[in-house]
There are 4 protein chains.
Amino acid sequence: CPLNGTETVKAESLHTVLTNLNKVSNSRERASRLFQWIIHPHPAKTFFRDYWEKKPLLIKRQNQEYYQGLFSTAEFDKILRNDNVQFGVNLDVTSYTNGKRETHNPPGRALPYTVWDFYESGCSLRMLNPQAFSSTVWNVLSILQEMFGSMAGANVYLTPAGTQGFAPHYDDIEAFIVQLEGKKHWRVYNPRSEDETLPLVSSPNFSQNEIGKPILDVVLEAGDLLYFPRGFIHQGNCLPDAHSLHITISSYQRNSWGDLLLKVMPAALEMAMEEDVEFRKGLPLDYLSFMGVQNSDKQEDPRRDRFLSHMDGLMKKLVSYAPVDAAVDQKALGFLHDCLPPMLNAEEKASSVYGAPARWEDGEAVNVTVQMKGQTRIRLIRAGVARLCGDGGAVHLYYTTENSRVYHQQELKSMEIKEEHTDALEFLIHAYPKFITVSSLPCDTEENKISLAESLFEKGIIHTSESLKAK
Amino acid sequence: CPLNGTETVKAESLHTVLTNLNKVSNSRERASRLFQWIIHPHPAKTFFRDYWEKKPLLIKRQNQEYYQGLFSTAEFDKILRNDNVQFGVNLDVTSYTNGKRETHNPPGRALPYTVWDFYESGCSLRMLNPQAFSSTVWNVLSILQEMFGSMAGANVYLTPAGTQGFAPHYDDIEAFIVQLEGKKHWRVYNPRSEDETLPLVSSPNFSQNEIGKPILDVVLEAGDLLYFPRGFIHQGNCLPDAHSLHITISSYQRNSWGDLLLKVMPAALEMAMEEDVEFRKGLPLDYLSFMGVQNSDKQEDPRRDRFLSHMDGLMKKLVSYAPVDAAVDQKALGFLHDCLPPMLNAEEKASSVYGAPARWEDGEAVNVTVQMKGQTRIRLIRAGVARLCGDGGAVHLYYTTENSRVYHQQELKSMEIKEEHTDALEFLIHAYPKFITVSSLPCDTEENKISLAESLFEKGIIHTSESLKAK
Amino acid sequence: CPLNGTETVKAESLHTVLTNLNKVSNSRERASRLFQWIIHPHPAKTFFRDYWEKKPLLIKRQNQEYYQGLFSTAEFDKILRNDNVQFGVNLDVTSYTNGKRETHNPPGRALPYTVWDFYESGCSLRMLNPQAFSSTVWNVLSILQEMFGSMAGANVYLTPAGTQGFAPHYDDIEAFIVQLEGKKHWRVYNPRSEDETLPLVSSPNFSQNEIGKPILDVVLEAGDLLYFPRGFIHQGNCLPDAHSLHITISSYQRNSWGDLLLKVMPAALEMAMEEDVEFRKGLPLDYLSFMGVQNSDKQEDPRRDRFLSHMDGLMKKLVSYAPVDAAVDQKALGFLHDCLPPMLNAEEKASSVYGAPARWEDGEAVNVTVQMKGQTRIRLIRAGVARLCGDGGAVHLYYTTENSRVYHQQELKSMEIKEEHTDALEFLIHAYPKFITVSSLPCDTEENKISLAESLFEKGIIHTSESLKAK
Amino acid sequence: CPLNGTETVKAESLHTVLTNLNKVSNSRERASRLFQWIIHPHPAKTFFRDYWEKKPLLIKRQNQEYYQGLFSTAEFDKILRNDNVQFGVNLDVTSYTNGKRETHNPPGRALPYTVWDFYESGCSLRMLNPQAFSSTVWNVLSILQEMFGSMAGANVYLTPAGTQGFAPHYDDIEAFIVQLEGKKHWRVYNPRSEDETLPLVSSPNFSQNEIGKPILDVVLEAGDLLYFPRGFIHQGNCLPDAHSLHITISSYQRNSWGDLLLKVMPAALEMAMEEDVEFRKGLPLDYLSFMGVQNSDKQEDPRRDRFLSHMDGLMKKLVSYAPVDAAVDQKALGFLHDCLPPMLNAEEKASSVYGAPARWEDGEAVNVTVQMKGQTRIRLIRAGVARLCGDGGAVHLYYTTENSRVYHQQELKSMEIKEEHTDALEFLIHAYPKFITVSSLPCDTEENKISLAESLFEKGIIHTSESLKAK
């Protein structure tokens, strides 16, 4: 029984996968194919049904090359040499010896001369945002974020043979540990209680006697994958005979139903108080004399029952005022701000503003012509690149093309959308992955259609079906 | 059929009422008697059933002396002379001429020389917190606040004959207009819509053509009372033959069920997220593709229904996590901070720390002995003077005796209560209006009982059944 | 050889002195007479020549009643009872036992019941601003501040027999210790070095072995005075047989030539840079290579000499740009803000806005007429009540009548002065103590003269030569 | 008569000059040679004597290639394409038409597609910090800053034929206009008054009738140079037949004697008040009665003369307390923070931490050995790379190697220097440009010497005389 959309993804190399993905037109499909490759041969469908947020999954491949090209210690070294890596900001130097976890960051820039000295003396190195330095990591994460609908992050860990860099702890994210070089011994433990299941915040460091017995005790080798949900305690250490390099891909930090309710509930209450006089009516004159902690033992007082039951009624009524779509948009804005900008491939570049032929040549600006015509066929450059959100009066289109590879270095960008353009934008967004002609946009005038398309094109939000040509 | 507790309050003068109230031991009863006197001869019970938050009530008395002693223009003049009344802070000079509302406050202190000059030229005067300057107003409001369970405030308005001081508008409080001198012509209008019924905020100034026709058009004379709920538009002007002085007593600003829900809901959600893993589970991977404003037209998408119905379920579940008593306490703390300090009568003073006989005499400190013994009989000095609130770990007793007569000039004071004293405090609070002996407090040791009573006594929270005597 | 203006001040009681001062028309003369009475029989002239800022002066009087009426423990007790005295704000409870200095302030209001309990257990009490509670102290300080040209402050100290309240230390103010009740043993020590002579900040608490031997060892009795300059270390303790009450009158905190230079120098530099291109010329290209701490040993480098001598030249030139009068005004504004408001006597009140006959009577405002006429004779109500300061463009008159008795509780008040009124204000200010007619003010129109006088009158800055009469 | 050190610099191309400079070991000499090349054939010595801060200098070369390689519109285009250039941050779009100056920056990233469209429609483009994007500009400025001892900045201006981008105005910096492409018509005007000579702040835009007649009216062609001091008004416009590209190199913003005095004077006064009791003595009791603006006409009052003359004396005395070297260091710190980091050439890299052979190779860290030995010969990597400053207690070494190419993106970095290392650092700093052995550093132990050298090496502050070799 072949799995839905996964049977074509064999044990291809990362390079092949990424090359093939360039031929996949729909960015949502790209995302699910890439994810399927990562957890291959386990089918994504059953993964999300049986493991995701539930329990660890271990994939042993006996194929050291499987993840090759994603990241390597050689690239790590090159980054230290060429980029402005700062201790404490981009790189942590840590150790865990005799039950004691320490951080050794000096101030300032992390150069190979100093970094390798720490490594040689037994310290672990954690690079905090490899996507800012490695194009491949950027590419992979920017594709995956469209599947998760939640920020996809990554850390890289390099650990010398015979050492351990971190104390046992649990995290607040879903973790995919991708073993890149060498090997590492991992022990994973169940959450200690229901309260620590799918937790909202990471734990402090635990001592060995606080965590019970592992439910998984395994040696990861290059090419292997280990997934575990937030809340599962874990610790990894290197065997005496090999160093370890792995990258942890993470997602779903504060992406729970409760986190959405944090947006929904205040909006619901505001709306209910505006629209429903029941919420504006005064409290009983004497409520302070039978409610409150000092009165909580007065179970016999019938006024308490009446009061609580009236509250109940209002709270249930509140549900009907919940502006769920508006609250989802608030949550979405957070995600859009968290997003990596799309890493465009050659074709995408050539058909977008980033490859527009306008340029300086022989002492003059050439090809300075607007590219949008009525018959030009356009679509969003990625399914998730932009989102139309209304907050009361004005409608804005938020977009990720000007986000930075460094987390939140830029504010989330948006453009205000005139009311007469709203339908056209919804049409464009829902048309994806199909290209549509500028003329087909539901605006009143041709001029309006072209001006809207031009604005979107200038911000890199849309691309054309054909590469842009110089005259 | 005599009304509950009201038949005894006849057309007594304010002075007689206040004198008689001193003999009423229970401060809650004092409050309801005083309120009954204010709206006499209308019974409080039917007032709260038929008018409160519903519609205006007019009481014409043909008795100019009824409210005498509460406040007068002569007292106004005396206050200007003797107290530091500041324009813009304690006093506003206003006019409403030819449809234009203006404020004329100069900077600095308001002295009679300047104030009466404004008055003579046709300006109205509004004193913003007469309770800070007039002991009688302070006394009346500090009694009433115990009945309302919400801040009781007041403004005084003095208007020259033949003028109007304010444009038509509505307020965000329940208003009792007590005519003290002269007369005033009032017009009251229904709320303009359901949205402006029992509103949360006051209106801007209206022009005459925005407000429709009055439902009440009446001349108030000294001794008369006019009540109307928040949201009812009103305007008052002086007839050519008489000036007007009235005091507006107000309450129930932001004291609605919705205001309590503003405390309840965040706490409920926090608790639910802590205690119930359902709230911590991740959102569906693809929710952003079918939820949000840009997808709100996709009514046919079954995923929307499932999503909304799951949200519904969680919101309803939320109700069961609502820590209503704790939220009521948060609301109560706001009220306690708003409260006027109690204005003690001679007996209360003599039996509390304010009348303790410790003093300096003939070159030495005398009567410096702790007043609390096992057999001393004590109780709260007022029913509403203190409240026991727990916020997570520590329990605090908040109290109003060190509040100021000027709104929020002091922080709300509290003392931390040791766990072993909590029961004793609940016992003491619930015993009111009965006196109990220090010995009867449920603490483990006699020493603990006395030390607790001593702390409460020092802060003026309790008084003794007998006046304190010097040795 | 009779002393200048002092021979008339005999051993009068405080009451007599203050009564007589009311007959002294010039507030500057009032100030010097009151000061002379305080240090009687030592002549003020030689005091300021020989002791002020130089060395201690002890005056033993054998007259326990001399300072009677200034303050007493009975008044202290009355204040605790009637005023809102706050621990830590208005009152400190301290002890110094076995070389250890402690503060015992509980939170909240200081009531006699608690305060006398502390006193009985051996604690000292320091009231921090008795002028806010005692009219006599307010009166005395508000008179003295005109002589000092610097804030006159006070603390009151009550110490039980046989105890000491404070560790040895020095202060940053000139101190006049006025013994009011009982007696106290004082030891005074020289400043420990030139660096601690006339210091800018008070010292920490010293231990006994850090302070050397006293230069004065004396028992002050009621009626005695002890003066010492800032920087002189002191400690006082009670003998076993008597408590002590004294008030310390202080002045000259941060009132030095250097403090004035702190205002002058930045203004001088700003002006020089604006007006003189020499200050705007560039530094030498290579100055960083021979100047700076790392080059300070290069004494032989002639470039250093040239650089330093050019700097010298500029700094000396700076002197000629110093806007001393403007800087004095900046300093003066600080003093005006520090000032107590004048405490007016009956005559001053009757001839100023505070006694203007405008009032509410029999249902109407009466005597609402402007009091200023051309022939009205006016002057400042006190020499130091107001000051004309220009800061660049606008000229303002700053005045102290709306200051509070509590330090800096109010912002310093001012009114903007139109250019055409500046001369008139200088004329008025310099005329003091003489009264001048409103007509004699050098303004262009009679209307202008009256309008200026009216504004000053309304703020209480001027009074008239005759009491104001009702019509 | 050959000019001092300049005869060797002929009409070399920029490339040749920069290549030859790499062979100049002393960075200070590099700086003066590069500057000499820029103003060639005018000798630097007479330039600084006759023109610098005095008057404009025009150099016409008839050599279009002279500055080739410094920057070009082609590079501009490439930067737009490849770098994150932001409108309003890195690039301004401006126009000056019919006397109206406008800015046309849209929000967000500046891509060629949009930028060239603006250009075609007649707008000028100003790139604000080309040094962040162009290595050559970075290199040139980072060399020049060592000669100026003040930040060297740059802007690039591209103007279409027949247009003008800016209104007439003057700047607050010394300006070197280097014509790179095309030609531009410049008009330069004298400062309008002594007050606007060498001004501290730039002017607003002037209209043509406010600026008088030009003192220079010239067409700059590629290869030409125009210098003018701050305060000289200027405007440039393109002729109909050619666009213009120029770079303006600037320095000496707020680098005047007055700016140094702003550091010196507060420190001098603080020191004088600490050390000299004359500055701590009290002001005269009565100074407010004869000083201040309201008394400034009292020329006859001898107290004014005495007061002013005492002030004069103190201000002159102040000079002797001026801690000039410490103030120079405060100024130097500002400069160090403004500095570009050094752009190292291949040899400098190879002999510093940036070229240290430590690296990851074949699964392990190699060449991880400390490079400093006793016989290693070291020196500062640039004369101006670091500075030793003491502020009271601790001594710090401030250094520019971790500065960013973007203005103030990084805090200025420093390391605390132990007292026993201070002499060694002064020795090292003053030895430049000579290399010294680690052993020759005046520290007590060999270990100390090596540890100091190692710290400096790790931060890139020093390099070795020989390239570092892998084992």
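Predicted model, so just to flag it, every value in this text is computed and none were measured. Convention: sequence-line order gives letters A, B, ...; per-chain numbering from 1.
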Between [options], the one whose heavy-atom pairs under 4.5 Å with chain C are most numerous:
| options | value |
| --- | --- |
| D:L261, D:L318, D:L308, D:N295 | D:L261 |
| D:L260, D:L262, D:L269 | D:L269 |
| D:K316, D:M311, D:M265 | D:M311 |

*Look up atom CZ in C:F335 and atom CG in D:L283, then write down how far apart they are to the nearest 0.5 Å.*
12.0 Å
*Atom CG of D:L200 and atom CE of C:M273: how far apart are they, to the nearest 0.5 Å?*
4.5 Å
*asked:* When you compare the side chain of D:F35 with that of C:L285, does any pair of heavy atoms fall below 4.5 Å?
replied: no
Just give me the residue among [options] that pairs up with chain D most often, heavy atom to heavy atom, under 4.5 Å.
| options | value |
| --- | --- |
| C:E274, C:K281, C:E53 | C:K281 |
| C:D297, C:D286, C:D276, C:D259 | C:D259 |
| C:Q294, C:R254, C:E194 | C:Q294 |
| C:E174, C:H430, C:E426 | C:H430 |
| C:V264, C:L198, C:T422 | C:L198 |
| C:R28, C:E270, C:E275, C:R304 | C:R304 |

Side chain, backbone, both or neither: which part of [X] has a heavy atom under 4.5 Å from chain D?
| X | value |
| --- | --- |
| C:L425 | neither |
| C:R230 | side chain |
| C:I429 | side chain |

*Residues in side-chain hydrogen bond (donor to acceptor under 3.5 Å, both in side chains) with C:Q253, at least two apart?*
C:D172
Quick one: what part of [X] sits under 4.5 Å from any heavy atom of chain C, side chain, backbone, both or neither?
| X | answer |
| --- | --- |
| D:F48 | side chain |
| D:P199 | backbone |
| D:F148 | both |
| D:A322 | side chain |

_For a quick test of reading the model, state the closest non-hydrogen atom pair linking C:R387 to D:L288 and the distance between them._
NH1-O, 2.8 Å
*What closest approach, in Å, do C:V319 and D:D312 show between heavy atoms, and which atom pair accounts for it?*
CG1-OD1, 3.3 Å
Treating [X] as the side-chain partner and [Y] as the backbone partner, does any N or O pair qualify as donor plus acceptor under 3.5 Å?
| X | Y | answer |
| --- | --- | --- |
| C:W257 | D:G282 | yes |
| C:Y287 | D:V328 | no |
| D:D329 | C:G292 | no |
| C:D325 | D:M291 | no |

*asked:* Between C:D195 and D:R280, does any NZ, NE, NH1 or NH2 come within less than 4.0 Å of an OD or OE carboxylate oxygen?
replied: no
*Inspect the surroundings of NZ in C:K54 and state if more than 12 heavy atoms from other residues, nucleotides or ligands are less than 6.0 Å away.*
yes
_Taking CD in D:E419 as the centre, count heavy atoms belonging to other residues, nucleotides or ligands within less than 6.0 Å. Is the count above 12?_
no
